[in-house]
There are 2 protein chains.
Amino acid sequence: MIESTEGNGHNHKILRLPTIKRLPTYLHILKRLQAEGEEYVSTTALINELDFKPILVRKDLVLMGIPGKPRTGYCLKDIIQAIEKFLGWNNVDEAFLIGTGALGSALLGHKPFEENGLKIVAGFDIDPERVGKVIHGKKIFHLSKLKELAHRMGVKVGIITVPWQSAQEVADVLIEAGIVGIWNFSMLKLKTPPEVVCHNENLSGGLAVFSVKLQQRRENLL
Amino acid sequence: MIESTEGNGHNHKILRLPTIKRLPTYLHILKRLQAEGEEYVSTTALINELDFKPILVRKDLVLMGIPGKPRTGYCLKDIIQAIEKFLGWNNVDEAFLIGTGALGSALLGHKPFEENGLKIVAGFDIDPERVGKVIHGKKIFHLSKLKELAHRMGVKVGIITVPWQSAQEVADVLIEAGIVGIWNFSMLKLKTPPEVVCHNENLSGGLAVFSVKLQQRRENLL
DNA sequence: TTATTATGGGGAAATATTTATCTTTTCCCC
DNA sequence: GGGGAAAAGATAAATATTTCCCCATAATAA
């Protein structure tokens, strides 16, 4: 479904969505181990810090194209670099964020984004109360300024954190401004032209799973 | 994997994780249609607002145990009620949130939680700068007060939004306080006793998928 | 040097999930 | 009423994802 066209130069392995979602978790642990002074790591060691089965980890890491040494494991430096390259987290995309409510403000100050290839450079809103303010070091502009600023700064990515009622409207502004990728946190499915990459984040899905688990726990106690 | 022990009273259908994650999306659209004055909805109509295939929606809705009428669709009131009941979103759990940084503050003010069965009643932190403040209408206490307050208020759910370095420490406090469910937003896999429900949210998974999509879009342009 | 063992690697089996096909039901129009 | 169409329902097929099994390799120890 999602094919990595390169890796170590000659492998054309297929990476699937579940694998991609697991990669940041691996990356986090690998970096921790590296910070602790380790040079190599085996999947069996990784598993201590994870919920997944060992074989799954090995399968995932194989796809990164980095050979592991029997009895030793993977070279931390190499595997970390490979994952970061695959995710594109080695070079940074600049992004605009639209909608500076509770969620938007949080994302403006969310450190991991900058460390992981996505730097939010400005916020946008239409509420006069918010326009002109600075949140987590980022200035908030009026939405009407977006197109001009996008061109001037060469920003190609937009993050939508407005309520669903205005999400499509904001998306249209972004498309008009020549944005190439949209990360959509609203509950609305956006209508976008095929050349624009649009990724919908489903925050309530997590709450749903948690709620069901809680409920079952309760029922099992009876 | 996850079995609904009731529904309309006599069905014992199996609900799987992907289905559960899609339910809030359906619910959102269904409520919108209801607000617009509709009484019935067909899956084909639902699909206009969704990314999924029609058959998948029908499969999911069948599991709710509400019969649909051919040529008409599902009764909005009934199907909404069935989904909310399944998710446990018809009765509210009170929760504590620990860690009032950017992410934690956002969740304190995140409206959809209250509407969907999870009411955050207080925040906790150890930073003297934050303790005593009020964020989005919720008071912030020192972590050392958690156990006593949990018992006094009968709170049984905890949300962890601290950095991974202190996540296990916080989890231990929650367990000690008799909490039954933990929603963990940190990058650390928590060690918890089997009777405590622990759900790990993986926010960076979404960023990973978005990053890969963006990269592929770029490569396809060359 | 040689035996042992922990590990990675590849392919096959098992499981989970989605999609397709066909049947049945009910409404609507004539 | 009767025929047609739109939609749900059930069953089967296809696809995606995870897990298992066995082999090869290299570090370690005898």
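Proteins get letters first, then strands, A, B, ... in listed order; numbering begins at 1 in each. The structure presented is a predicted model; accordingly, all values stated were derived computationally and were not measured.
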(message) Measure CD1/A:Ile20 against P/D:dA16 and give the value in whole Å, please.
(response) 14 Å
(request) Please work out which residues in residues 29-46 of chain B have a non-hydrogen atom less than 4.0 Å from an atom of DNA chain D and list them by number. (result) B:Ser42, B:Thr43, B:Thr44
(message) Return whichever of B:Lys69 or A:Arg58 has its heavy-atom-nearest nucleotide of DNA chain D closer to the 5' end.
(response) B:Lys69
(message) On a heavy-atom basis, which atom in A:His136 and which in A:Ser105 lie closest, and how many Å separate them?
(response) CD2-O, 3.2 Å
(message) Whole angstroms only, please: what is the CG-P distance between B:Leu61 and D:dA7?
(response) 14 Å
(message) Is the distance between the ring centroids of B:Phe113 and B:Trp183 under 6.0 Å?
(response) yes
(message) I'd like to know if B:Lys138 pairs up with B:Glu114 as an ion pair, taking the criterion as any Lys NZ or Arg NE/NH1/NH2 lying under 4.0 Å from an Asp or Glu carboxylate oxygen.
(response) yes
(message) Between B:Arg22 and B:Asp51, does any side-chain N to carboxylate O distance fall below 4.0 Å?
(response) no
(message) Do the side chains of B:Lys77 and B:Glu38 get close enough for a salt bridge, i.e. N-O under 4.0 angstrom?
(response) no
(message) With ring pair (Phe, Tyr, Trp, His ring centres under 6.0 Å) as the criterion, how do B:Phe96 and B:Phe124 come out once you've worked through the C-alpha distance, each side chain's angles and the decisive distance to 0.1 Å?
(response) CA-CA 7 Å; B:Phe96 285 160; B:Phe124 292 84; 4.7 Å; yes
(message) Could you tell me how far apart B:Met64 (CE) and D:dA8 (P) are, to the nearest whole angstrom?
(response) 15 Å
(message) From the set C:dG9, C:dT5, D:dG4, return the single nucleotide nearest to any side-chain atom of A:Arg71.
(response) C:dT5
(request) Compare the minimum distances between each of D:dA6, C:dT25, C:dG9 and the side chain of A:Tyr74, then state the nucleotide with the smallest one. (result) C:dG9
(message) I'd like to know if the side chain of B:Gln168 pairs up with that of B:Asp172 as donor and acceptor (distance under 3.5 Å, no hydrogens or angles considered).
(response) yes
(message) What I'd like to find out is whether the side chain of B:Leu174 reaches to under 4.5 Å of the side chain of B:Ile160, using heavy atoms alone.
(response) yes
(request) May I ask you to decide whether A:Glu94 forms a salt bridge with A:Lys156, counting only side-chain N to carboxylate O separations under 4.0 Å? (result) no
(request) Using a strict 4.0 Å threshold on nitrogen-to-oxygen distance, state whether A:Asp93 and B:Arg218 make a salt bridge. (result) yes
(request) Decide yes or no for B:Ile83 and B:Ile80: does some side-chain heavy atom of the first lie under 4.5 Å from some side-chain heavy atom of the second? (result) no
(message) Rounding to 10°, can you tell me the angle the first-five-pair axis of the helix from C:dT1-D:dA30 to C:dC30-D:dG1 makes with its last-five-pair axis?
(response) 10°
(message) Can you measure A:Leu63 atom CG to D:dT17 atom P for me and round it to whole angstrom units?
(response) 12 Å
Protein N or O to nucleotides 18-20 of chain D N or O, pairs below 3.5 Å:
residue	atom	partner	partner atom	Å
D:dT18	OP1	A:Arg22	NH1	2.9
D:dT18	OP2	A:Arg22	NH2	3.0

(request) To the nearest Å, give me how far apart CG (A:Leu15) and P (D:dA16) are. (result) 15 Å
